[in-house]
Amino acid sequence: MRILLTGAAGFIGSHVADLLVDEGHEVVALDALLPQAHGDEPPDWVRRHDLVRGDVRDGELLDRLLPGVDVVCHQAAMVGHGLDPSDAPAYAGHNDYGTAVLLAAMHRAGVTRLVLASSMVVYGEGRYTCAGHGVVRPAPRRPDDLAAGRYDPRCPRCAGELRWTRVPEDAPLEPRSTYAASKLAQEHLAAAWARQTGGGGWALRYHNVYGPRMPRDTPYAGVASLFRSALAAGRAPQVLEDGRQQRDFVHVTDVAWANLLAMVADQPAGMVPVNVCSGEPHPVGELARQLAAAMGGPEPVIVGGARPADVRHVVADPGRAAQLLGFTARVGFADGVTAFATDPLREPAVLRREPAALPVPA
């Protein structure tokens, strides 16, 4: 197949590019090399690919790249919590306007297959059950509870304790951050494109991805990278809340494998969301402890507190990915985290505000 891969120089995109080429596919590799994740030059590990440096918001460029493409794998995005709400125009511009430009260009070129990188952040809080009321959407966590170290959400009907359970793809969606809102908007835009054109594909909701080539020393990095950066500097990892918040940590090579399976699968009718996860939940504090042990560093420090957009537990149901794509994660938590202690990471880029280029039309 001939595949247009956006974000091909990124953490996940570069692994997808390598796997596709190794499997005999032709990759048209596109990346804007955003300053939040890159320096002025692409990283060494993408030099094997003929990288096109360009912006997914450039419709004329896409019109030159898309003829002959069988499927688009859209990884390009601004990621992470970011700095503050002043990041919102950049998130909307890159993630949402960029996706709209891409979908329009796909329509012009007659490309009807899409694999979209989405995220577990679209769920907000995970799924919870109450002993008396069954599955419920938890009440918002109150500031006074957080200040007192009461981190688990309560039942909105009886204020009773809740038990977390696995989140299926049909769970209610409630983005809690600018990034999360932009990822959900990408899904909606892709679903509208599919209905209007007869196209289809997969919205891969990544859970907590980690592994080699992860960016470091940036507010846009994931928690595994932040812990490792602290340990490499001889500092104890700082764990928010009580460290017991549950996440699903999935290795980046498994995420690349899920993308390949989605690209070669039969095209579904419309856009189908799929959790991409390990199926093995672990507390965030356990990640910090295991990484500290692997690196011979200081024990993590539990610091309490919670950021406004943080959620308590998000644990994925892996069933749909196994059923529809034949995907099951292959890298176990212990092996993956131990390897991550010495994995090559992306060097920090100079963090700067970007100008408001390529404005979104009113």
Side-chain angles (χ1 to χ4, degrees), residues 80-81 85 118-181 183-184 187-188 203 205-209 222-224 226-227 237-250 273-290 300-323 329 333:
H81 275 283
S118 187
S119 172
M120 46 79 79
V121 296
V122 300
Y123 295 119
E125 281 286 356
R127 171 164 286 199
Y128 295 85
T129 60
C130 170
H133 300 102
V135 175
V136 297
R137 300 185 72 174
R141 299 195 294 175
R142 299 181 303 179
D144 56 335
D145 283 336
L146 297 177
R150 296 186 292 269
Y151 298 111
D152 286 302
R154 295 279 179 167
C155 176
R157 299 174 63 181
C158 67
E161 293 184 0
L162 298 177
R163 182 177 64 88
W164 63 263
T165 185
R166 296 179 186 272
V167 183
E169 289 84 354
D170 60 358
L173 305 179
E174 189 180 9
R176 299 289 186 89
S177 67
T178 302
Y179 169 62
K183 296 306 288 184
L184 182 54
E187 287 199 24
H188 287 321
R205 291 176 178 166
Y206 303 157
H207 285 252
N208 290 71
V209 187
V223 66
L226 298 177
F227 289 163
Q238 294 193 337
V239 182
L240 295 179
E241 302 188 16
D242 57 5
R244 297 174 184 169
Q245 57 271 42
Q246 297 283 336
R247 296 292 187 272
D248 187 304
F249 298 98
V250 57
V274 175
N275 287 326
V276 175
C277 59
S278 71
E280 299 179 5
H282 292 273
V284 172
E286 182 185 351
L287 170 69
R289 289 190 297 274
Q290 183 126 354
V301 176
I302 305 297
V303 298
R307 295 172 297 188
D310 283 349
V311 297
R312 182 58 173 169
H313 305 296
V314 186
V315 174
D317 184 340
R320 180 180 290 184
Q323 178 184 2
F333 179 78

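Note that the coordinates shown come from a computational prediction; the quantities given were computed from them, not determined experimentally.
- Between Asp317 and Arg166 there is no salt bridge, since no side-chain nitrogen of the basic residue lies less than 4.0 Å from a carboxylate oxygen of the acidic one.
- A donor-acceptor pair shorter than 3.5 Å cannot be found between the side chains of Tyr128 and Arg312.
- Residues Arg244 and Tyr151 fail the side-chain proximity criterion, which asks for heavy atoms closer than 4.5 Å.
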Please walk me through it: do Arg154 and Glu161 pass side chain to side chain contact (heavy atoms under 4.5 Å, CB included)?
-> CA-CA 5 Å; Arg154 295 279 179 167; Glu161 293 184 0; 3.5 Å; yes
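- When all heavy atoms of Phe249 and Pro283 are compared, the pair lying nearest together is CE1-O, 4.3 Å.
- Taking NZ of Lys183 as the start and OG of Ser177 as the end, the distance is 11.0 Å to the nearest 0.5 Å.
- Residue Arg150 places its CZ atom among more than 12 non-hydrogen atoms of other residues, nucleotides or ligands, all under 6.0 Å distant.
- Between Arg127 and the options Val136, Val167, Leu162, a side chain to side chain contact (heavy atoms under 4.5 Å, CB included) holds for only Val167.
- Other residues, nucleotides and ligands contribute over 12 non-hydrogen atoms within 6.0 Å of the CD atom of Glu174.
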Please report the C-alpha distance between Glu169 and Tyr123 in whole Å, then the side-chain angles of each, then the deciding distance to 0.1 Å, and finally whether the side chain to side chain contact (heavy atoms under 4.5 Å, CB included) criterion is met.
-> CA-CA 9 Å; Glu169 289 84 354; Tyr123 295 119; 3.9 Å; yes
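- Counting only heavy atoms from C-beta outward, the side chains of Val314 and His207 approach each other to under 4.5 Å.
- Glu286 CD to Gln246 CD: the interatomic distance, rounded to the nearest 0.5 Å, is 8.5 Å.
- The nearest pair of heavy atoms linking Ala329 to Ser278 is CB-CA, 3.7 Å.
- Minimum heavy-atom separation, Pro300 to Val239: CB-CG2, 4.0 Å.
- Of the inter-residue distances, the one linking Glu280 atom CD with Phe333 atom CZ reads 9.0 Å to the nearest 0.5 angstrom.
- In this structure, Asp248 contributes its side chain and Gly279 its backbone to a donor-acceptor pair below 3.5 Å.
- Put simply, the side chain of Ser118 does not reach to within 4.5 Å of the side chain of Pro273, judged on heavy atoms.
- Side-chain atoms of Val303 and Leu240, non-hydrogen and from C-beta on, do get closer than 4.5 Å to each other.
- Arg320 CZ: more than 12 foreign heavy atoms inside a 6.0 Å radius.
- Counting only heavy atoms from C-beta outward, the side chains of Met120 and Asn208 approach each other to under 4.5 Å.
- For the pair Phe227 and Val284, the minimum side-chain heavy-atom distance is below 4.5 Å.
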Before giving the answer on side chain to side chain contact (heavy atoms under 4.5 Å, CB included), spell out for Asp152 and His313 the whole-Å C-alpha distance, their side-chain angles and the decisive distance to 0.1 Å.
-> CA-CA 8 Å; Asp152 286 302; His313 305 296; 2.8 Å; yes
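- Here the side chains of Arg141 and Asp310 are in contact, with some heavy-atom distance below 4.5 Å.
- Contact of the Cys158 side chain with the His133 side chain is registered, since non-hydrogen atoms from C-beta on lie closer than 4.5 Å.
- Note that the CG atom of Leu146 and the CZ atom of Arg307 stand 13.0 Å from one another [nearest 0.5 Å].
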